[in-house]
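Structure first, commentary second.
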2 protein chains.
Amino acid sequence: MASPGPADRVGGVDPEALWLDRRQPRRGRPPAHSRAEITAAAVMIADTDGLAAVTMRSVAAAIGVGVMSLYSYVPDKDTLLELMIDHAIGDQPAPPTPTGVWTEDLRTLARGQRDLMHRHPWLPAALPERQTLGPNTLAFTEHALAVLEPAGLGGQDALEAFSLVTGFVAGHVAYEVARSRAAARAGRSARELAQAQERYLHAVAESPNHPRLSRVLAEPARPVDADATFDRLLAHLVDGLAAARGTARG
Amino acid sequence: MASPGPADRVGGVDPEALWLDRRQPRRGRPPAHSRAEITAAAVMIADTDGLAAVTMRSVAAAIGVGVMSLYSYVPDKDTLLELMIDHAIGDQPAPPTPTGVWTEDLRTLARGQRDLMHRHPWLPAALPERQTLGPNTLAFTEHALAVLEPAGLGGQDALEAFSLVTGFVAGHVAYEVARSRAAARAGRSARELAQAQERYLHAVAESPNHPRLSRVLAEPARPVDADATFDRLLAHLVDGLAAARGTARG
DNA sequence: GCTATTCTCGTACTAAGTACGGGAAGTAAC
DNA sequence: GTTACTTCCCGTACTTAGTACGAGAATAGC
């Protein structure tokens with residue numbers, strides 16, 4: 001019942017108006033700021049205080065401008081989020097030219113993505129439900145296609161493989177970030193919460209319903225080398241893709 | 001400046017209070033509803049109208065209750081979300097007992113996850129940034145460990161592998177859902193938007209900066225068999241994991 | 001200067017999360 | 001049954017956030 005529901009609007013940003021943006025007004029009062037400046041400020045806030053801290057008011061304050069002024073540059077907050085994503089994706093060093101050994105190149109690309117997402121921890125959560133088509137995203141996709149070219153996949157298959165890698169990286173980084181935040185909590189102020197969580201897990205471990213889980217929880221938490229873990233999982237993923245070359249669709 | 005910032009509170013739900021919930025009041029007015037009922041209503045709304053449609057007011061209306069009554073059952077909305085996740089994860093048929101061929105079992109498990117996420121399309125977006133420890137989640141994790149046992153990985157490695165699979169499934173389903181929503185848009189009302197997007201992509205394809213991307217966009221969109229695609233990618237992932245058994249950490 | 005145009009932003013409306021506190025509705029003890 | 005106590009229900013109201021509106025300010029071209 002009632003209205004079409006918000007689900008319909010998800011991703012409903014007009015890419016033409018957003019990314020082409022061909023307006024060049026020669027008359028009238030010149031804008032004091034720019035889309036890029038606003039986007040950068042929003043990204044900075046998200047990096048520092050989390051995505052939830054990005055409000056039109058906080059962004060406006062960061063720029064030193066009235067709230068409603070933002071709307072001369074950006075139609076709405078959802079669009080701003082899309083701009084933020086593309087901006088963040090542009091925030092990485094120029095990718096090295098592919099060596100031709102595509103498995104190696106793909107790993108390099110994924111490591112770059114991981115670094116990027118660590119710099120912008122809100123990215124994994126922002127990416128799903130959203131299909132960004134900004135210049136940086138497109139450029140990065142182009143690069144991925146270049147990397148995957150020697151793999152001999154079809155175009156669509158290459159895109160698929162790329163999306164697989166991106167999904168893996170996003171998922172893994174989300175996992176890493178959640179973990180490190182939990183650790184930070186334990187070491188810092190909200191110690192009670194960490195303790196409560198530990199108590200709870202111990203209570204779970206007591207239960208006979210989860211024998212294997214109990215065993216794992218009982219294991220001494222081995223010090224994890226996050227980089228090595230990532231590299232290892234990534235290697236498996238890429239190996240799987242490599243094995244697929246040839247097997248793909250008969 | 002100001003307050004600790006919301007980023008600190010992410011995942012800051014006390015699992016002990018949430019999942020153990022030992023209160024059993026024998027006196028006083030008995031509750032007319034239950035946590036489970038509220039959670040189910042919220043999940044229903046999310047399934048139907050998207051996660052954004054889940055508001056305390058809409059959930060209360062669905063139950064037929066005043067808004068503030070919800071707070072007798074649930075401390076805040078964030079907690080409700082966590083309950084929703086665990087509830088959704090519990091919404092799958094009892095997993096078949098492992099056959100012992102772990103690669104096959106793992107694939108079965110992943111297919112189940114995919115079905116689940118298609119039934120609850122908001123799940124992929126809700127999972128990151130949140131570490132759910134509810135009974136259904138734990139039970140499912142236990143099952144995953146059972147499935148992976150024959151693989152001979154260590155406990156922590158098994159958890160890692162499981163999280164890898166989950167991340168892959170979530171990422172892929174998010175991709176699938178985004179795609180199908182775009183298709184639905186094209187076929188239905190907001191046709192202009194789909195056209196704008198198409199125009200935009202054509203404009204991009206014209207540009208000489210993205211030769212490979214242009215080529216892919218020019219390809220006739222081949223009719224994709226979503227199930228087959230998923231199975232194929234999944235197979236590669238599992239193969240990668242299988243190859244890792246033994247290689248893992250010297 | 002005049003004017004058309006564009007940017008700026010105070011005001012205000014709406015939606016959503018939720019603190020507060022007064023009742024209403026039960027149960028246990030008498 | 002009455003009393004006392006406990007727990008639940010939820011109207012009211014405050015706060016924060018997104019954003020429509022429109023008046024005023026600033027600027028380029030005439």
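Just so you know, these numbers come straight off a predicted model, no measurement behind them. Order of the sequence lines sets the chain letters (A, B, ...), proteins ahead of strands, with each chain counted from 1. What's counted below: heavy atoms across the whole structure, side chains too, no hydrogens, waters or symmetry copies.
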How many whole angstroms separate atom CG of A:L80 from atom C1' of D:dT19? 14 Å
Under the side-chain hydrogen bond (donor to acceptor under 3.5 Å, both in side chains) rule, collect the residues that match up with A:R57, sequence neighbours excluded. none
Listed by chain and number, what are the side-chain hydrogen bond (donor to acceptor under 3.5 Å, both in side chains) partners of A:E37, not counting sequence neighbours? A:H33
What residues, two or more places apart in sequence or in another chain, satisfy side-chain hydrogen bond (donor to acceptor under 3.5 Å, both in side chains) together with A:H120? A:D47, A:D91
When you check every protein heavy atom under 4.0 Å of nucleotides 9-18 of chain D, what one-letter string (B, S, -) results, 5' to 3'? SBBB----BB
With sequence neighbours left out, the residues meeting side chain to side chain contact (heavy atoms under 4.5 Å, CB included) with A:D115 are A:R119
A:I63 CD1 to C:dT8 C1', in whole Å, measures 14 Å
A:S207: partners by side-chain hydrogen bond (donor to acceptor under 3.5 Å, both in side chains), with sequence neighbours left out: none
So which protein N/O to nucleotides 28-30 of chain C N/O distances come out below 3.5 Å?
residue : atom : partner : partner atom : Å
C:dA28  : OP1  : B:R26   : O            : 3.4

In a table with atom names and distances, give each donor-acceptor pair under 3.5 Å that connects a side chain of residues 160-171 of chain B to protein atoms at least two apart or in another chain.
residue : atom : partner : partner atom : Å
B:E160  : OE1  : A:R232  : NH2          : 3.4
B:T166  : OG1  : B:Q113  : NE2          : 3.1
B:T166  : OG1  : B:F162  : O            : 3.1

Using side chain to side chain contact (heavy atoms under 4.5 Å, CB included) as the criterion, list what pairs up with A:H202, not counting sequence neighbours. A:E198
Distance, nearest 0.5 Å, that separates CG of B:L80 from CE of B:M56: 6.0 Å
